[in-house]
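Keep in mind that this is a model prediction, so the values were computed, not measured. Throughout, a chain's letter reflects where its sequence line sits, starting with A, and its residues are numbered from 1.
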Protein chains: 2
Amino acid sequence: MKNLNIHIEINSELYSKNPDSTELGQNIIAKSIELIYEIGFEAFTFKKLGILLNSPESTIYRYFKNKHILLIYLTSWYWAWIEYQLVFATTNVDSPRKRLLKSIDILTKPVLIDNSISYINEVLLSQIIISESMKSYHTKSVDEENKKGYFQTYKNVVQRVSEIVLEINASYKFPHMLISTVIEGAHQQKYFAEHLPSLTDTKKGTNSVTEFYTNMVIQVIK
Amino acid sequence: MKNLNIHIEINSELYSKNPDSTELGQNIIAKSIELIYEIGFEAFTFKKLGILLNSPESTIYRYFKNKHILLIYLTSWYWAWIEYQLVFATTNVDSPRKRLLKSIDILTKPVLIDNSISYINEVLLSQIIISESMKSYHTKSVDEENKKGYFQTYKNVVQRVSEIVLEINASYKFPHMLISTVIEGAHQQKYFAEHLPSLTDTKKGTNSVTEFYTNMVIQVIK
DNA sequence: GCATATTCGATAGTAATACTATTATATTTG
DNA sequence: CAAATATAATAGTATTACTATCGAATATGC
């Protein structure tokens with residue numbers, strides 16, 4: 001996968017000017033990931049990003065309408081990237097059970113290596129997804145933005161893995177609920193491990209999140 | 001429970017002046033719940049709340065340092081209230097299995113009736129918890145605030161139900177992970193049902209969230 | 001290679017937000 | 001009735017989240 005140099009296309013409504021099309025745009029993405037990771041989404045502003053980029057904030061506004069849309073752009077990219085990994089890891093694997101286990105692995109394991117398929121640091125981005133991604137859809141504008149397809153790449157991931165669940169047990173009633181519980185739960189548990197440890201039993205650096213959710217899925221669908 | 005007129009005490013570091021001690025303070029709580037429910041936490045400001053209360057915003061600042069602390073106050077109240085319900089529903093029930101099932105019921109069922117044990121509308125508050133509560137701890141100040149005990153009532157709920165899990169299966173490795181997955185998952189699924197339905201299989205008004213998580217817990221701990 | 005878009009930097013400006021401070025008046029309490 | 005407390009009214013500040021304009025640099029199209 002390392003040298004495929006895949007290209008991830010993002011819903012064009014998520015940007016005013018495609019950041020992928022210019023060096024500055026790519027820099028906006030790369031530096032915004034670093035800055036959000038460092039200071040958090042609330043404290044993140046286009047002004048601060050502009051200082052990092054040596055560009056006025058008005059230039060950033062030419063690419064993204066506001067920081068909320070930028071966050072949705074970043075999460076869309078992340079889920080498209082995850083879907084790519086899911087496809088790559090499951091093609092040519094006949095056993096649906098093996099495909100499911102591999103998928104859960106991808107969804108629950110920490111992202112530790114920056115594959116450098118692009119100017120995007122996936123390790124930092126995955127940390128942002130854990131800490132901040134729910135803020136992209138916990139807003140008053142969620143219905144409107146959902147209609148415009150802003151969350152499509154996330155839905156694709158849930159749908160894809162749900163289909164494997166149904167291959168194993170066609171009569172299972174709650175495949176989407178199960179998979180979105182796994183995805184969101186794995187994020188939560190990693191966040192808890194770092195910040196609210198009494199809400200979990202896992203510790204950073206262990207694989208108990210994967211162990212827990214793998215076991216959960218196996219038990220629940222049989 | 002209706003007429004017990006219970007009194008919920010909140011960590012005194014969460015307010016500058018106890019809102020429970022004055023009529024205005026109680027009004028601040030009551031109206032802030034209505035306003036956050038209506039316009040969402042991002043758009044909610046003390047200025048707008050002041051207009052609703054016919055009080056200048058500076059008065060509200062005498063009770064709460066800022067809107068973030070007010071949100072933590074509201075979530076603390078909610079979890080203390082939930083814990084009270086857990087205790088009430090499980091005392092004198094010998095069977096740990098029955099206690100667990102009852103607890104999951106309380107944690108996953110929608111809050112439909114305002115018990116009016118106080119000036120707080122629990123139905124609206126529970127909606128705020130579903131939509132906004134994660135914002136209270138997904139901040140850069142979470143570690144510092146956790147040290148001050150701001151999230152204690154939530155932890156108490158997780159701890160209490162985890163102990164029931166261990167009564168049933170003392171060797172189960174992940175009781176806290178299981179219970180926090182149930183609590184957060186149930187909120188997520190209700191939110192998805194309303195706003196991102198393709199991420200779930202439940203519909204508003206059904207009890208499939210309770211069904212799913214009850215089954216999940218039973219399967220996983222046996 | 002020259003005109004013409006396009007892009008970007010520089011600067012300015014605005015409305016709203018998130019507070020803080022001060023003073024005067026009203027109300028409670030001892 | 002005095003003293004303490006609470007609140008209303010007002011003013012003010014730094015920051016945020018944008019929008020607008022203009023001119024210089026760069027790329028592209030013929």
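- Annotation for K31(A): atom NZ does not count as buried by contact number, only 12 or fewer foreign heavy atoms lying within 6.0 Å.
- For the pair E23(B) CD and dA6(D) C1', the interatomic distance rounds to 13 Å; values are reported in whole Å.
- Atoms CG (N54(B)) and P (dA8(D)) sit 9 Å apart, rounded to a whole Å.
- By the 30° and 60° cut-offs, the orientation of the rings of Y191(B) relative to H195(B) is tilted.
- The nearest whole Å value for the distance from the OH atom in Y61(A) to the P atom in dG9(C) is 16 Å.
- Residue-to-nucleotide proximity on DNA chain D shows that, of S58(A) and F44(A), the 5′-proximal contact is made by F44(A).
- Checking dA9(D), dT7(D), dC18(D) against every side-chain atom of P56(B), the shortest atom distance belongs to dA9(D).
- In this structure, E57(B) places its CD atom 13 Å from P of dA16(C), rounding to the nearest Å.
- Of the residues listed (I120(A), D20(A), L125(A)), the one engaging I29(A) in a side-chain contact (heavy atoms from CB on, under 4.5 Å) is I120(A), and it is the only one.
- Ring geometry, F151(A) versus Y137(A): the interplanar angle exceeds 60°, so the pair is classed perpendicular (tilted spans 30 to 60°).
- At the heavy-atom level, F46(A) lies nowhere under 4.0 Å from the strands shown.
- Taking side-chain N and O atoms only, K17(A) has a distance below 4.0 Å to OP1 or OP2 of dT7(C).
- If you take CG of L70(B) and C1' of dA18(C), they are 14 Å apart, rounded to a whole angstrom.
- Straight-line distance from the CD1 atom of I60(A) to the C1' atom of dA10(C): 14 Å, rounded to whole Å.
- The aromatic rings of W79(B) and H187(B) lie tilted to each other, with the angle between the two planes from 30° to 60°.
- Between dA6(D) and Y63(B), no contact under 4.0 Å exists linking OP1 or OP2 to a side-chain N or O.
- dA8(D) atom C1' lies 15 Å from atom NZ of K47(B), rounded to whole Å.
- Between the P atom of dT6(C) and the CG atom of L24(A) lies a distance of 18 Å, rounded to the nearest Å.
- When each of N66(B) and R62(B) is assigned the nucleotide of DNA chain C with its nearest heavy atom, N66(B) is the one assigned upstream, toward the 5' end.
- At the phosphate of dA18(C), neither OP1 nor OP2 sits under 4.0 Å from any side-chain N or O atom of T45(B).
- A sub-4.0 Å separation between OP1 or OP2 of dC8(C) and a side-chain N or O of S55(A) is absent.
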